[in-house]
Amino acid sequence: MRGTTIRAMPGYSFETYGELQPWLQREWLQTNGTGAFAASTILGANARRYHGLLVAATLPPLGRVVALNRLSESIQRNGVTTAELAVNHFHGGLNPHGERHLRRFEHYSTTKWTYDAEGVGVTKELLLCWGRNIVGIKYDIDPGHGGPLTFRAQPFVTLRDFHSLQRADHHADVASAIGGCDVRRWGHNLRIRCDGAKFIEYKDWWYNFVYPFESERGQDDTEDLFTPGQFTATIAKPTTLIIWAGLEAVDGLDWDTEAKKRLDHAGDAAAPTRTQKRLFHAAEDFVAARHDDGRQGATIMAGYPWFADWGRDTMISLPGLLLATGQYHKAGQVLSTFAGYVSEGMIPNNFDDYSNQPAYNTVDASLWFVHAAFEYLRYSRDQETFDQILRPACQQIVDGYKHGTRFGIKMDPADG
């Protein structure tokens, strides 16, 4: 189905003119309130191990898994490939050079690329479903005046922990499904479907993709990617195709419904100017739900794409992300979440990516909590939350620092 514009988007738009630089280094990020995200460079050339079209949160907001790594698109006429839209890093250089066809990049609640591929118009739009481990990629294709064409889209799957890299081991299972396939690997099942295209199974490994940002950091930088096959469609008139991929059921999804859910969580309704709307919207990208012991709360993922909700970074960023933007309810949830984890006068520095257990190993995060708690009171005037939840936590922190806590952290009796 063809999506509609729900309301004007005060986002970012860049004319790329088919150029490689500076777009090969500039990155984009899209999140969905769970800790899951999609990220890459503007050209779609993955440059970090953390880049992918669906980096799912299997234990929200943690347990991140790079599920759908990338897509490779090509256009054929009369059996001859006339254009490829992808850009990939290999040890020998870039291949193919899809940037030559890219004309515009746009980013707001969705991420959009506009191509002129040898007279064929292609608009590619990515939407990360709000609150779910599902991504949609929509293609609006205008074949122009050159006659019918064949459009191919090839998914590449990793299904690995987002800190790791994979090499070909041939342990990926592919199961046929109506409209696509399921790829099972390491206990995960990625469902891939397409509205309007035929899936042709052809299991294969592609070798030695390179992530240059990892090379610059002195880290392992090479990965092999698995593809289960490709989606193919004959296009004779303007056509829309939508690929859905997710770690949960993706059948029956509606693009416009999912797009509206994202806009409803944009977090920019109160912003009076275009610039402020951009900033308010960007702030929302770092807020995620946290569910502990049946309690529903919120947290801040200040370290995309590397780490999760670290106490120090959360408390430093909270006034700018949530108080300056007027999101007092979420700010109260974040502070209340961390208040519930105060132990021996300390808040957690981080939560383990796999067990979700808190780690208490920072000297100043607890002091930043006290600062954020009083800023919350100053902005929100929410005396009840402060008195019942935040003040007792602050008192525990003061007592802990006064009498001594982990790692020899203690107030100096000579000067306080």
Side-chain angles (χ1 to χ4, degrees), residues 35 50 57 59-64 162-163 217-219 283 285-293 295 297-325 327-328 330-380 382 385-416:
Y50 304 100
L59 300 169
L62 305 174
R64 265 81 66 83
F162 80 146
H163 289 308
R217 297 172 61 223
Q219 304 293 316
D285 272 330
F286 297 93
V287 183
R290 174 174 273 283
H291 305 280
D292 295 323
D293 299 325
R295 297 174 299 174
T299 191
I300 291 175
M301 311 287 280
Y304 281 114
W306 299 281
F307 53 83
D309 45 348
W310 284 46
R312 183 177 192 271
D313 304 81
T314 295
M315 296 307 146
I316 291 173
S317 61
L318 184 145
L321 293 178
L322 296 178
L323 298 182
T325 58
Q327 299 189 77
Y328 305 141
K330 288 183 180 178
Q333 284 187 320
V334 172
L335 290 166
S336 297
T337 294
F338 277 85
Y341 282 98
V342 173
S343 169
E344 299 181 37
M346 300 177 72
I347 68 165
N349 188 40
N350 68 297
F351 296 88
D352 185 84
D353 279 341
Y354 311 104
S355 68
N356 201 29
Q357 291 301 306
Y360 298 89
N361 53 11
T362 172
V363 67
D364 64 341
S366 303
L367 302 181
W368 283 109
F369 173 89
V370 175
H371 173 265
F374 276 85
E375 285 294 281
Y376 171 77
L377 177 62
R378 184 168 72 89
Y379 273 86
S380 70
D382 180 4
T385 298
F386 184 82
D387 287 342
Q388 294 185 2
I389 300 175
L390 304 185
R391 185 195 296 274
C394 291
Q395 188 63 57
Q396 291 179 58
I397 291 169
V398 172
D399 291 343
Y401 276 63
K402 179 180 179 181
H403 299 294
T405 183
R406 300 173 178 89
F407 307 110
I409 299 171
K410 185 179 180 180
M411 182 181 73
D412 191 315
D415 59 10

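In this chain, residues are counted from 1 in sequence order. The shown structure was predicted, so the numbers you read here are calculated from the model rather than taken from an experiment.
The structure places CH2 of Trp310 at 12.0 Å from CE of Met301, a figure rounded to the nearest 0.5 Å. Between atom CG of residue Leu321 and atom NZ of residue Lys330 there is a gap of 11.0 Å, rounded to the nearest 0.5 Å. To the nearest 0.5 Å, atoms CD (Gln333) and OG1 (Thr385) are separated by 10.0 Å. Here Asn349 contributes atom CG and Asp364 contributes atom CG; the two are 8.5 Å apart, rounded to the nearest 0.5 Å. Taking CG of Asp382 as the start and CZ of Phe386 as the end, the distance is 10.5 Å to the nearest 0.5 Å.
The closest side-chain heavy-atom distance from Val334 to Leu322 is below 4.5 Å. With contacts defined as side-chain heavy-atom distances shorter than 4.5 Å, the pair Arg64/Pro305 does not qualify.
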Check your understanding: side-chain contact (heavy atoms from CB on, under 4.5 Å) between Leu390 and Phe369: does it pass, once the steps are laid out?
Key -> CA-CA 9 Å; Leu390 304 185; Phe369 173 89; 4.2 Å; yes
Practice item. Report the C-alpha distance between Met315 and Leu335 in whole Å, list the side-chain angles of each, state the deciding distance to 0.1 Å, and finish with yes or no for side-chain contact (heavy atoms from CB on, under 4.5 Å). Key: CA-CA 8 Å; Met315 296 307 146; Leu335 290 166; 3.8 Å; yes
Practice item. Start with the C-alpha gap between Thr362 and Asn350, add the side-chain angles, then the distance that decides, and say whether side-chain contact (heavy atoms from CB on, under 4.5 Å) holds. Key: CA-CA 9 Å; Thr362 172; Asn350 68 297; over 6 Å; no
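In terms of heavy atoms, Ala373 sits closest to Cys394 at CB-SG, 3.8 Å. The shortest non-hydrogen separation linking Ile389 to Ala339 is CG2-CB, 3.8 Å. The shortest non-hydrogen separation linking Ser343 to Arg406 is OG-NH2, 2.8 Å. Residues Ile300 and Thr314 share a closest heavy-atom pair of O-OG1, 3.2 Å. Residue Gly311 comes nearest to Ala365 through the heavy atom pair C-CB, 4.1 Å, listed as atom of the first residue, atom of the second, then distance. Contact record, Ser366 with Ile347: OG-N, 2.9 Å, taken as the closest heavy-atom pair.
Contacts of Phe162 classified as ring-ring contact (aromatic ring centres under 6.0 Å, His included), with partners at least two apart in sequence or in another chain: Tyr50. For the side chain to side chain contact (heavy atoms under 4.5 Å, CB included) test, residues two or more places apart in sequence or in another chain that qualify with Ile409 are Met346, Val363, Tyr401, Thr405, Phe407. Tyr304 pairs by the side chain to side chain donor-acceptor pair (under 3.5 Å) definition with nothing, not counting sequence neighbours. Evaluation of the ring-ring contact (aromatic ring centres under 6.0 Å, His included) rule for His371 yields Trp368 as partners, not counting sequence neighbours. Residues meeting the side chain to side chain contact (heavy atoms under 4.5 Å, CB included) test with Leu323, sequence neighbours left out: Leu318, Pro319, Tyr328, Ala331, Glu375, Tyr376, Tyr379. Remark: Thr299 pairs with Asp309 by the side chain to side chain donor-acceptor pair (under 3.5 Å) rule, at least two apart or across chains.
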